[in-house]
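Everything on this sheet refers to the single structure shown next.
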2 protein chains.
Amino acid sequence: MREKTARIVQEWTDACDAEISIAVLGGAWKPSILSLLREHEVLRFGELSRLLDEPTARVLTRQLRELEDDGLVIRTVYRQVPPKVEYRLSELGRGSLPLVDALTSWGGSYAEHQRSLLPEASAPVAR
Amino acid sequence: MREKTARIVQEWTDACDAEISIAVLGGAWKPSILSLLREHEVLRFGELSRLLDEPTARVLTRQLRELEDDGLVIRTVYRQVPPKVEYRLSELGRGSLPLVDALTSWGGSYAEHQRSLLPEASAPVAR
DNA sequence: CGGGATCCGTTTCGATACTG
DNA sequence: CAGTATCGAAACGGATCCCG
């Protein structure tokens, strides 16, 4: 478990469990990474990078390490030249998918709702 | 809608809707605020502050304004002396509660799972 | 009572360059 | 190929002081 997650998990007694979820899933690209690993079962670093919108290696590496530290993804290193590293979901990671779906679903509805309130919407509006 | 949310809502085309949810719900105290407003229907600033663990007024104010800007809470100002300000959930805010519950539930399970892996756990361990 | 103004330390994201 | 090292910019949470 990475330090940030550990701090929140341990210091919390009351009803703020939601913030634990956000600490674990709330990084840039993390929901997308988890969804891609559901679709593809196992992905190499470069494959993940291409399927996402080419985040910098620095950023992608950090997100993957955090997910690994928090126990959601499993990282397998093949010691060979050129190097090969595979990522897949752990049991805990698979268990997070329903929540990721819920986040995606509500976020999509929210975005649609908000776009419908914009002045010059490009969507066909009945009027 | 606050600027951060607007940026994310507009610039996103693909499957990253989950990050919209996190942008809206991911601030400090926000899930707790929403839960408290479900329990109490309507709360004044000072009541909210006491029910939470006394965050600084600066911080609580910002979270409430962001929730208001994003359309989840409704702020009502009574122009009187001393001032009185009430907060309640909007329709959109009530619609977020199932997601808040899902975050709370998964976060609680995650925390419990992780605590069970700690070396010197204080919980009674069968062994 | 319910904030606003100001300042600060930390975290986070991201770009660029380099490497086993 | 899969990163690491270094740097900069911005966002965030929080403390302190002040106000109508």
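Residue numbering restarts at 1 for every chain, and letters A, B, ... go by the order of the sequence lines.
- A salt bridge is absent between Glu47(B) and Arg44(B): the closest approach of a Lys/Arg side-chain nitrogen to an acidic carboxylate oxygen does not fall below 4.0 angstrom.
- Between Arg79(B) and the phosphate of dG2(C), there is no side-chain N or O to OP1/OP2 separation shorter than 4.0 Å.
- Phosphate contact (OP1/OP2 of dA11(D), side-chain N/O of Arg62(B), threshold under 4.0 Å): absent.
- In this structure, Arg44(A) reaches the dA2(D) phosphate: one of its side-chain N or O atoms is under 4.0 Å from OP1 or OP2.
- Proximity of Trp29(A) to the phosphate of dT12(C): no side-chain N or O atom is located under 4.0 Å from OP1 or OP2.
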After noting the C-alpha distance and the side-chain angles of Arg7(A) and Glu3(A), does the key distance pass the salt bridge (charged side-chain N to carboxylate O under 4.0 Å, His left out) rule? CA-CA 6 Å; Arg7(A) 220 183 313 138; Glu3(A) 211 222 316; 3.8 Å; yes
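- The shortest distance between the side-chain N/O atoms of Arg65(B) and the OP1/OP2 oxygens of dG3(C) is below 4.0 Å.
- Contacts of Ala57(B) with the nucleic acid, taken as non-hydrogen atoms under 4.0 Å apart, include base atoms.
- Closest non-hydrogen pair, Arg38(B) versus Asp101(B), comes out as NH2-OD1, 2.7 Å.
- The residue Tyr87(A) sits close only to the backbone: its heavy atoms come under 4.0 Å of sugar-phosphate atoms, none of a base.
- For Arg58(B) against dT6(C), a side-chain N or O and a base N or O form a donor-acceptor pair under 3.5 Å.
- Atom-to-atom, CD of Gln63(A) to P of dT4(D) comes out at 13 Å; the value is rounded to the nearest Å.
- Nearest approach of Ser21(B) to Gly107(A), heavy atoms of both residues: OG-N, 3.0 Å.
- Atom pair Glu86(B):CD and dC1(C):P shows a separation of 15 Å (rounding to whole Å applied).
- For dT10(C), the OP1/OP2 oxygens have no side-chain nitrogen or oxygen of Lys4(A) closer than 4.0 Å.
- Taking atom CG of residue Leu52(A) and atom C1' of nucleotide dA2(D), one finds them 15 Å apart after rounding to whole Å.
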